[in-house]
Amino acid sequence: MGLREDAASLQDELALLRRELHQIPEVGLDLPRTQERVLAALAPLPLEISTGTGLSSVTAVLRGGRPGPVVLLRGDMDALPVTEASGLPYSSRHHGVMHACGHDLHTAGLVGAARLLSARRDELAGDVVFMFQPGEEGLDGAAHMISEGVLTAAGRPVDAAYGLHVLSSTVARGVFSARPGPLMAASAGLFVRVVGAGGHGSTPHYTLDPIPVAAEMVTALQAMVTRRFNVFDPVVLTVGVFQAGTKRNIIPDDATFEATVRSFSTATSAQAGEYAVALCEHIAAAHGMRVEVRYEQEYPATVNDADEYEFAASTVRDVFGPDRFEDLVDPMTGSEDFSRVLDRVPGAYVFLGACAGDDPKTAPSNHSPRAAFDDSVLADGAALLAELAVRRLAAPAGTSPKAPRA
């Protein structure tokens, strides 16, 4: 049987693992229960397994039967601080924590790929690194794993890397989607504190009121992104926190706000920080106030290598049929720390529709407390990861991976 057929025979087991993980979600870099469950699932396989020292990661290396390149497959494991409202019978047992982004499917799918490839170990012309990663949701777990050596876990550098992300909306169930070049945005944080001089609300002329000044900055930042940046290399800036004052008749000493900044190129991300800081400083100075501004780069853009993208798209069409792959026209403005891997290694990141309802356009999206993922896609997700590894390892050294290979 082929990988897809073998994966189908694992579907029930993978769904059971996914539902177990869904009930025990953990947030951040320390995921002891999740790590324990992954280690148990991998224990029967012929893998060289190591765990992280600064985080609950699992790195597993499968040695192929013949020498060759190294391929990395990644699945993130962490959940979100969200109270589940999906109504599923296997909902989270941990109040305030939920697998609202589908990482439980990513983990189970990567276990499935490890099982499929372990059964073909002797046929592999190279090694496979399985990267089970905590801390994707804002804690840069990929960077931690890279610093602990995941990209050289096989004893030599990884040659290509692939990842898969499920979507509870937008893409039809069972359909794979990706694009070459920028796939997801870079992210940065803007943190601003306007320092004035407080007093009574009835006599603002005796004070330096920071609230209207901070509000002016918020408005000016929105104008900045439409006037300082090329519309074809866009910036998205959203203020999600604005805090000031304690009572309506008291002018506070300070006002603070925080924004997320998304972009698709390194140069534009750097410019966004430069322009935003200068804008806030000049507005504060115009009002005789002081401002503290901090711009922090978070994740770079997730960029698919053009050849690796074409290889992944061709593999989907070859294995599942042409109707199972859709080119993503525009990149997504969400961010992803698999970008850390793709910054160092050519590879591709692919979306997989896992909408549990009939209409992905109206279904609750990833990160929603009502997000629901159909785990019937697990077998195909595992099969694709395994196929990418097998075919990439079989590619002659130095050749493009574009064409599907048996």
Side-chain angles (χ1 to χ4, degrees), residues 29 31 35 38-39 42 45 47-64 67-78 103 106-107 109-111 113-114 117-118 121 124-165 182-184 186 266 297-309 311-312 335-350 384-386 388-395 397-398 401:
L29 297 171
L31 318 176
Q35 183 189 59
V38 168
L39 289 172
L42 298 179
L45 304 179
L47 302 169
E48 299 171 11
I49 295 176
S50 59
T51 56
T53 57
L55 70 171
S56 299
S57 60
V58 176
T59 300
V61 179
L62 177 66
R63 301 291 181 185
V70 180
V71 169
L72 179 144
L73 304 177
R74 180 268 208 162
D76 40 2
M77 304 189 294
D78 57 319
H103 296 187
H106 301 170
T107 304
L110 190 56
V111 168
L117 292 170
S118 292
R121 178 183 185 183
L124 300 180
D127 301 336
V128 183
V129 176
F130 301 95
M131 178 183 179
F132 291 90
Q133 181 210 308
E136 188 278 328
E137 298 290 355
L139 294 173
D140 215 349
H144 287 278
M145 289 193 71
I146 290 170
S147 70
E148 293 193 358
V150 70
L151 297 183
T152 55
R156 57 199 191 284
V158 167
D159 295 283
Y162 306 101
L164 193 66
H165 200 304
L183 177 75
M184 299 183 74
T266 302
Q297 297 282 3
E298 295 164 342
Y299 296 160
T302 303
V303 180
N304 279 340
D305 176 87
D307 285 349
E308 296 288 355
Y309 154 78
F311 164 63
S335 299
E336 163 64 63
D337 70 355
F338 191 58
S339 57
R340 300 289 190 197
V341 176
L342 295 182
D343 256 5
R344 294 162 174 80
V345 180
Y349 201 48
V350 179
L384 177 63
L385 290 174
L388 291 172
V390 168
R391 296 177 183 221
R392 189 63 177 82
L393 292 178

K.L.:
I'd like to know if the side chain of T107 and the backbone of D76 have a donor-acceptor N/O pair within less than 3.5 Å.
P.N.:
yes
K.L.:
Check this for me: does any side-chain nitrogen of one of E336 and R74 sit under 4.0 Å from a carboxylate oxygen of the other?
P.N.:
yes
K.L.:
Begin with the C-alpha distance, continue with both residues' side-chain angles, and end with the deciding distance and a verdict on side-chain contact (heavy atoms from CB on, under 4.5 Å) for L39 and T51.
P.N.:
CA-CA 9 Å; L39 289 172; T51 56; 4.2 Å; yes
K.L.:
If I take atom OH from residue Y162 and atom CG from residue L73, how far apart are they, to the nearest 0.5 angstrom?
P.N.:
9.0 Å
K.L.:
Of the options V71, L385, L62, which is the one that meets L117 in a side chain to side chain contact (heavy atoms under 4.5 Å, CB included)?
P.N.:
L62
K.L.:
Is the side chain of Q35 donor-acceptor paired with the backbone N or O of S57 at a distance under 3.5 Å, no angle test?
P.N.:
yes
K.L.:
Please check if the side chain of D78 supplies one atom and the backbone of E137 the other of a donor-acceptor pair under 3.5 Å.
P.N.:
yes
K.L.:
Considering non-hydrogen atoms only, spot the tightest contact between L42 and A114 and give its length.
P.N.:
CD2-CB, 4.1 Å
K.L.:
With sequence neighbours excluded, what pairs up with Y349 under the ring-ring contact (aromatic ring centres under 6.0 Å, His included) test?
P.N.:
F338
K.L.:
What residue pairs, at least two apart or across chains, pass salt bridge (Lys or Arg N to Asp or Glu O under 4.0 Å) with a residue in residues 143-161?
P.N.:
D127-R156
K.L.:
Rounded to the nearest 0.5 Å, how far apart are CG of D140 and CE of M145?
P.N.:
12.5 Å
K.L.:
Please verify the inter-ring angle class for H165 with H106; under 30° counts as parallel, over 60° as perpendicular, anything in between as tilted.
P.N.:
perpendicular
K.L.:
What residues, two or more places apart in sequence or in another chain, satisfy salt bridge (charged side-chain N to carboxylate O under 4.0 Å, His left out) together with D305?
P.N.:
none
